[in-house]
S.K.: 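Dumping the structure here so I can ask a few things about it.
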Amino acid sequence: MTMQNNLTVQALQWTGDTLRVLDQRQLPEQTIYDEYSDAAGVAKAIATMRVRGAPAIGIAAAYGAALSARRHYGAADWRQRVMDDIELLAQSRPTAVNLFWALDRMKTVLNQQLEQPLAAISACAEKIHADDIAANYAMGELGADIITGARGVMTHCNTGALATGGYGTALGVIRSMYRRNHIKVYAGETRPWLQGMRLTVWELAQESIPVTLVADSAAAWLMKSGAIDWIIVGADRIAANGDTANKIGTYSLAVLAKQHGVKLMVAAPTSTIDWKTSCGDQIEIEQRHQNELLAACYLKEGSVVSAWNPVFDVTPAELISAIVTERGAVLHPSEQSLRILKNESE
Ligand code: MRU
């Protein structure tokens with residue numbers, strides 16, 4: 001490995017020649033890494049959810065572009081071939097903006113006339129990875145400062161090391177908070193793909209952080225019991241006005257939180273903010289195949305039974321108490337207040 005990452009859980013391992021991807025479909029039963037040496041393989045790994053979670057998708061795609069450059073360098077039209085592979089990677093999933101953000105950065109380096117383009121392209125992917133880990137640690141501390149005094153928190157989906165370069169966004173805040181003060185952590189199961197039950201519970205258990213699993217349908221009753229002060233989630237895309245697309249079920253939790261006086265924190269790196277998208281209505285919501293939801297016995301040709309399977313929803317900014325990024329936190333986000341996080345180049 002060229003990049004040092006001493007975290008226990010690693011979704012992605014870059015060897016310099018290949019990308020090793022932990023197959024998250026097999027967790028928690030089996031820990032299996034698949035090894036990829038071309039962009040097409042990485043695109044498939046993203047589309048089939050071997051690797052998932054917005055920042056991890058972006059990092060994997062960046063390494064996919066680096067693999068493409070290694071493969072095609074030397075051909076007269078190598079840059080065009082890499083651009084074609086970048087286009088293929090961009091089609092792997094539609095909602096997580098980190099994917100397009102990372103590929104744009106790779107395109108910029110690809111189009112520079114450098115003496116050692118291959119080294120520069122690999123270095124760009126490694127930097128995207130390293131910066132994400134650093135951002136997560138920063139967010140962890142900032143988020144923990146905000147929830148000081150909380151006794152219980154609930155999270156949704158998986159936003160930890162598995163979903164990022166390492167440490168995690170929302171789960172990073174929970175990790176940092178747990179180190180300061182042993183709060184009680186609840187994880188929603190996150191139907192239908194069970195990222196909470198299979199991944200978050202497993203990931204926290206690797207570090208002996210106690211976690212209590214709740215059925216998604218138990219969330220309202222949990223809030224009513226008074227056990228949680230905050231819901232802490234990640235994001236796949238944050239619009240310029242603070243509307244946030246995240247795993248399906250986040251919007252339900254936000255509505256329930258309002259009813260019960262529970263606060264909602266979104267923790268995400270600034271690479272998840274899509275400044276070109278003004279509000280949540282403009283975010284494309286991925287629909288996945290109905291066989292992720294329907295029992296096999298209903299999946300017959302010509303069946304009258306079908307399933308509606310949107311895998312993200314949008315929580316309006318007005319239901320969000322805080323958006324935490326590596327550049328700082330914004331309370332009660334709005335188009336105006338979020339601008340403080342914007343760099344001039346964006
Ligand atoms: O479909 P997934 O598992 O890729 O969805 C993941 C989420 O919705 C996460 O909450 C989000 O990507 C943030 S991960 C730090």
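Both counts, for ligands and for their atoms, begin at 1 and track the order of listing. Quick caveat, the model's predicted, so the values are computed rather than measured.
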S.K.: Could you check whether any side-chain N or O of R52 sits under 3.5 Å from a backbone N or O of N158, counting only pairs where one atom can act as donor and the other as acceptor?
M.R.: yes
S.K.: Is the contact between P55 and ligand 1 made by the side chain, the backbone, both, or neither, using heavy atoms and a 4.0 Å cut-off?
M.R.: side chain
S.K.: As an exercise, identify every atom of ligand 1 less than 4.0 angstrom from a heavy atom of M49.
M.R.: 1 (O), 3 (O)
S.K.: Report yes if some N/O of T159 lies less than 3.5 Å from some N/O of ligand 1; otherwise report no.
M.R.: no
S.K.: Relative to the heavy atoms of R93, which atoms of ligand 1 are at a distance of less than 4.0 Å?
M.R.: 1 (O), 2 (P), 4 (O)
S.K.: Report the relative orientation of the aromatic rings in W78 and Y73; use parallel for angles under 30°, tilted for 30 to 60°, perpendicular for over 60°.
M.R.: perpendicular
S.K.: In ligand 1, which numbered atoms sit nearer than 4.0 Å to a non-hydrogen atom of T164?
M.R.: 15 (C)
S.K.: Is a salt bridge present between R81 and D84, judged by a nitrogen-to-oxygen distance below 4.0 Å?
M.R.: no
S.K.: Would you check if S68 and I86 make a side-chain contact, meaning some heavy-atom pair closer than 4.5 Å?
M.R.: no
S.K.: Quick test of your reading of the structure: of E286, K247, M139, whose heavy atom lies closest to atom 1 (O) of ligand 1?
M.R.: K247
S.K.: Answer yes or no: does an N/O atom from G234 fall short of 3.5 Å to an N/O atom of ligand 1?
M.R.: no
S.K.: Answer yes or no: is there an ion pair linking E141 with R179, defined by an N-O contact shorter than 4.0 Å?
M.R.: no
S.K.: List the closest protein heavy-atom neighbour of atom 7 (C) of ligand 1: residue, atom name, distance to the nearest 0.1 Å.
M.R.: D236 OD1, 3.2 Å
S.K.: Which ligand 1 atoms does Q195 reach within 4.0 Å, using its non-hydrogen atoms?
M.R.: 1 (O), 2 (P), 3 (O)
S.K.: Between T325 and R327, is there a side-chain donor-acceptor contact under 3.5 Å, judged purely by atom types and distance?
M.R.: no
S.K.: With a 4.0 Å cut-off on heavy atoms, is T169 touching ligand 1?
M.R.: yes
S.K.: Which of the atoms of ligand 1 are close to F312, meaning less than 4.0 Å from one of its heavy atoms?
M.R.: 1 (O), 5 (O), 8 (O)
S.K.: For ligand 1, which is the ligand I care about here, please tell me if H156 has any N or O atom under 3.5 Å from one of the ligand's N or O atoms.
M.R.: no
S.K.: Give a yes or no on this: more than 12 heavy atoms of other residues, nucleotides or ligands lie within 6.0 Å of atom CZ of R79.
M.R.: yes
S.K.: List the closest protein heavy-atom neighbour of atom 9 (C) of ligand 1: residue, atom name, distance to the nearest 0.1 Å.
M.R.: N246 OD1, 3.4 Å
S.K.: What's the shortest distance from atom 12 (O) of ligand 1 to any protein heavy atom, and which residue and atom give it?
M.R.: A54 N, 2.8 Å
S.K.: Less than 4.0 Å between a side-chain N and a carboxylate O, is that true for D23 and R25?
M.R.: yes
S.K.: Check this for me - ligand 1, N158, N or O atoms closer than 3.5 angstrom, yes or no?
M.R.: no
S.K.: Quick one: does A163 get an N or O within less than 3.5 Å of an N or O on ligand 1?
M.R.: no
S.K.: Counting only heavy atoms not in K342, do more than 12 sit closer than 6.0 Å to its NZ atom?
M.R.: yes
S.K.: According to the interplanar angle, ranging from 0 to 90°, do the rings of Y167 and Y137 count as parallel (below 30°), tilted (30 to 60°) or perpendicular (above 60°)?
M.R.: parallel
